Amino acid sequence: MLTANEIRDSFKSFFESKGHQIVPSAPMVIKDDPTLMFTNAGMNQFKDIILGNHPAKFKRVADSQKCLRVSGKHNDLEEVGHDTYHHTMFEMLGNWSFGDYFKKEAISWAWEYLVDVLKIDPKNLYATVFEGSAEEGLERDNEAASYWEQFLPKDHILNGNKHDNFWEMGDTGPCGPCSEIHIDSRSEEEKALVPGRELVNKDHPQVIEIWNLVFMQFNRKADGSLEGLPAKVIDTGMGFERLVRTLQGKTSNYDTDVFQPILKAIANMAGKHYGDNEQDDIAMRVIADHIRTIAFSITDGQLPSNAKAGYVIRRILRRAVRYGYTFLGQKQAFMYRLLPVLIENMGGAYPELNAQKELITKVIKEEEESFLRTLETGIRLLDKTMADAKAAGKTEISGKDAFTLYDTFGFPLDLTELILRENGMTADLKEFDAEMQKQKQRARNAAAVETGDWVTLQEGTTEFVGYDYTEFETSILRYRQIKQKNQTLYQIVLDKTPFYAESGGQVGDTGVLVNEFETIEVIDTKKENNLPIHITKKLPEHLEAPMMACVDTDKRAACAANHSCTHLLDAALREVLGDHVEQKGSLVTPESLRFDFSHFQKVTDEQIRQVEHIVNAKIRANIPLQEYRNIPIEEAKELGAIALFGEKYGDHVRVIQFGNSMEFCGGTHVAATGHIGMVKIVSESSVAAGVRRIEAFTGARVETMLDNFQDTMRDLKALFNNAPDLTAAIRKYIDENAGLKKQVEDFMKEKESQLKSKLLQSVKEVNGVKVIKFTAPIPAETVKNIAFQLRGEITENLFFVAGTVHEGKPILTVMLSDNLVASGLKAGMLVKEAAKLIQGGGGGQPHFATAGGKNPDGLSAAVDKVIELAGI
Ligand code: ATP
Ligand code: MG
């Protein structure tokens, strides 16, 4: 029996023997593409070639690509674990032809590989072909069918509709019919009862699709019409785990050597047996699947977080933790304990797992622990919601409450439902769905973009000249209009451009396009499928006129200083903290720089200072930039340049060196480190377990910061009579102040007791009630203290009413003894009514109440009003 690793190798050697170049998998987490967060198919990394933005270096390519299908167009998350053949992360084996061979070879090689090489029994194979579409004016893909007929009987070739058998890259762009290969792995008895052809594409767990061959021959335009694609493309994708399962004679992907070791470890941990109970099995499959995804995302540079791709990863991790918690009794963090098994099994093929073991472990453990705390908070909240519902005589909680639990506490609906069921209750699911729809709509509205067709003025691809120039003569190749949030913008592609497009953490250049008639502002430069796009609010009127593309050089220089400084910081951090420091993210703008790196404790103030000193010394040394613009990647590695994990590099790379700092980098840099001026680290914080973040300023920004700092110091010194030792002067002032505060407190207590004795002497008896009435300029707190003390001393018939003013604000206070309250008087009611005279309001308990107001002049009248209202 072939092992998983042997099967992967056999695919590559087969296509190598058919003249294909074998290329590495692109990273699973995609950076620098606003339209896609994760690689979800083998073709993603070739999109720029398929779209014609870049020429194909090899016309025939094959690989095994790490894919993740958990968001956007392909989202299999809810299936995963419940069925046995969808994963979140999986490997897709694929072969491509860019304008070379087409349907005939694609089909016959797929057949040759499956049947002749791997010896799959052809009687278990079915192929689907596109049935055609009247509305598109497309007929059945008879061409593909005719090639299949050379290998398969007609009743194994099935027609498929547009949904299953017509592939599109997006709303616009390359598309075409596809042909899928399905395999029937049921027992002979079952096959005899129901023919496999009736189960193809019917979600039967033993009759599944393994390979999809896409024939891109059209281009979809924005108006929905199709035109022929000049260079036709073959794009195929075969699920590696599904192929392994077929060849190892299993009925579930999880029974193969890809998953068995992890499943065993999970079962051991839970003290259970995989295969005993369906519900437990689902939980074990979910965990076995998700631990791979999470570990690989982290090594690819995507940590769990609160936004975008990071949030997707966080949700996957939470899903696994929750299944473990609910079904396998895992009340403590457990996922991270599966990593040794995962690394033992996949670490050979993916060395990054080993290299980043400590980081993955820390991150997963901390995420688990924090989610378990959230779960507990959620459970408490749910308990309260259930108690409230029960008290109101209901057996259903509202959909809104269930949604709040889901949305705010990350509490999945099925867990809420499970707990409700255990308590004989339900949730209003209709209302929950409605809330969910509302939220989705909000997200859609925010993200909706209308993209027009490209208008091509000249054929060609862009040449970037920005490493050497900030101004360059150029012309427009193509442009299109986009509409987003009621704003119309234009994307312009230039023949040659000095504009740096946002990537590698450095923001895009801004500037202007100038021709003899007009000046158009470029508000940003971004890359889409490797194509630099200049974003403007206006289109030039004279589109064909030659123009100068001019970068805003001040911003560019500030950006370059920050970018070069990031490299120096990286090297200095390694020097001070150790070689475990690895870049985990960066943001370089003209204003500042941000650098995230792996490190397991807080960086101390002394270490920060040490780092600053090292970098500033290098800045003063004015080390010249040494740039290796286009060297073979092997040579770059030999030089010792640092590459990032999870970054996609071509076979030629650029290396940036300043002395002992040497990194793979495509960014723009200063000519010598002296241009950075100076660096100052302004903050150090934690972004996730094991990842720290520093933010720093350089050059003029440091100067401004020092100016502000100096101004503040000057002002402070002036306030302290230019004391030579400012710290000592401030400390003395604080001590003095504390002493004075104490004295004031003592004084107020003294005053309080004097006032109290005076008030005791002023008691007036009215109809047997002891009335104490006074007005004075003292704080409310003092009045309150006195009132309570008097209440302690005069336990019967006390009627205390005070009108006081403090800092211009009038306050009315009333205190009654219990027997007066019992006789029907209410302090709260009295102040509330009387406070109208001081333009205020208030209230309190029956025995004690206060009211504040705006009009101190009405205070005396208000005090009298209280007595009048009491009717004594
Ligand atoms: P299915 O209908 O089974 O979800 P699909 O139509 O989404 O498959 P494609 O987008 O054509 O699949 O992907 C090509 C191949 O990748 C499939 O034939 C299948 O073998 C594999 N594949 C797709 N999705 C998954 C997944 N979630 N897990 C494992 N393999 C997958
Ligand atoms: Mg699918």
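Both ligands and their constituent atoms are indexed starting at 1 by order of listing. What you see below is based on every heavy atom in this structure, not just the backbone, and it leaves out hydrogens, waters and symmetry mates. Since we're looking at a predicted model, the values are computed, not measured.
Contacts between His86 and ligand 1, counted as non-hydrogen atom pairs separated by less than 4.0 Å, involve both the backbone and the side chain. At a heavy-atom cutoff of 4.0 Å, ligand 1 is contacted by the side chain of Asp76 but not by its backbone. The proximity of Glu79 to ligand 1, defined as any non-hydrogen pair under 4.0 Å, does not occur for either the backbone or the side chain. Heavy atoms from both the backbone and the side chain of Glu209 come within less than 4.0 Å of ligand 1. When non-hydrogen atoms are compared, ligand 1 lies under 4.0 Å from the side chain of Met92 (C-beta onward) but not from its backbone.
In this model, a donor atom of one side chain and an acceptor atom of the other lie less than 3.5 Å apart for His87 and Asp289. Residues Asp257 and Gln248 bring a donor and an acceptor atom of their side chains to less than 3.5 Å of each other. Of the N and O atoms on the side chains of Asn201 and Glu209, not one donor lies less than 3.5 Å from an acceptor on the other residue.
The protein heavy-atom contact nearest to atom 28 (N) of ligand 1 is His87 N, 2.9 Å. The closest protein non-hydrogen atom to atom 3 (O) of ligand 1 is Arg242 NH1, 3.0 Å. If you check which protein heavy atom lies closest to atom 11 (O) of ligand 1, you get Asn212 ND2, 2.8 Å. The protein atom (non-hydrogen) at minimum distance from atom 15 (C) of ligand 1 is Gly237 O, 3.5 Å.
Checking side-chain atoms of Gln330 against main-chain N and O of Leu328 turns up a donor-acceptor pair under 3.5 Å. Distance alone, capped at 3.5 Å, is enough to place a donor-acceptor pair between the Asp300 side chain and the Val29 backbone. Glu91 contributes no side-chain N or O that, together with a main-chain N or O of Glu241, makes up a donor-acceptor pair within less than 3.5 Å.
The heavy atom nearest to atom 21 (C) of ligand 1, out of those in Cys67, Gly94, Gly239, is found in Gly239.
Note: Phe15 and Tyr113 have tilted aromatic rings, judged against thresholds of 30 and 60 degrees for the angle between ring planes. Note: Phe151 and Trp111 have parallel aromatic rings, judged against thresholds of 30 and 60 degrees for the angle between ring planes.
Annotation: cation-pi geometry not satisfied between Arg60 and Phe98 (NZ/CZ under 6.0 angstrom from ring centroid, within 45° of ring axis).
Atoms of ligand 1 found under 4.0 Å from any heavy atom of Tyr85, numbered from 1 in the order shown, are 28 (N), 29 (C). Atom numbering of ligand 1 starts at 1 in the shown order; those under 4.0 Å from a heavy atom of His74 are 10 (O).
Residue-ligand proximity: Glu180 is placed with every non-hydrogen atom at 4.0 Å or more from ligand 1. Remark: distances from the non-hydrogen atoms of Trp167 to ligand 1 are all 4.0 Å or more.
Looking at ligand 1, you'll find an N or O of Arg69 within less than 3.5 Å of one of its N or O atoms. Where the criterion is an N or O separation shorter than 3.5 Å, residue side chain and backbone included, Phe90 fails it with respect to ligand 1. Polar contact with ligand 1: absent for Met238 (N/O pair, distance under 3.5 Å).
Aromatic ring centres of Tyr85 and His204 lie farther apart than the 6.0 Å criterion allows.
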Please assess Arg245 against Tyr254 for the test side-chain hydrogen bond (donor to acceptor under 3.5 Å, both in side chains), listing each intermediate value before the final yes or no.
CA-CA 8 Å; Arg245 144 195 180 163; Tyr254 294 89; over 6 Å; no
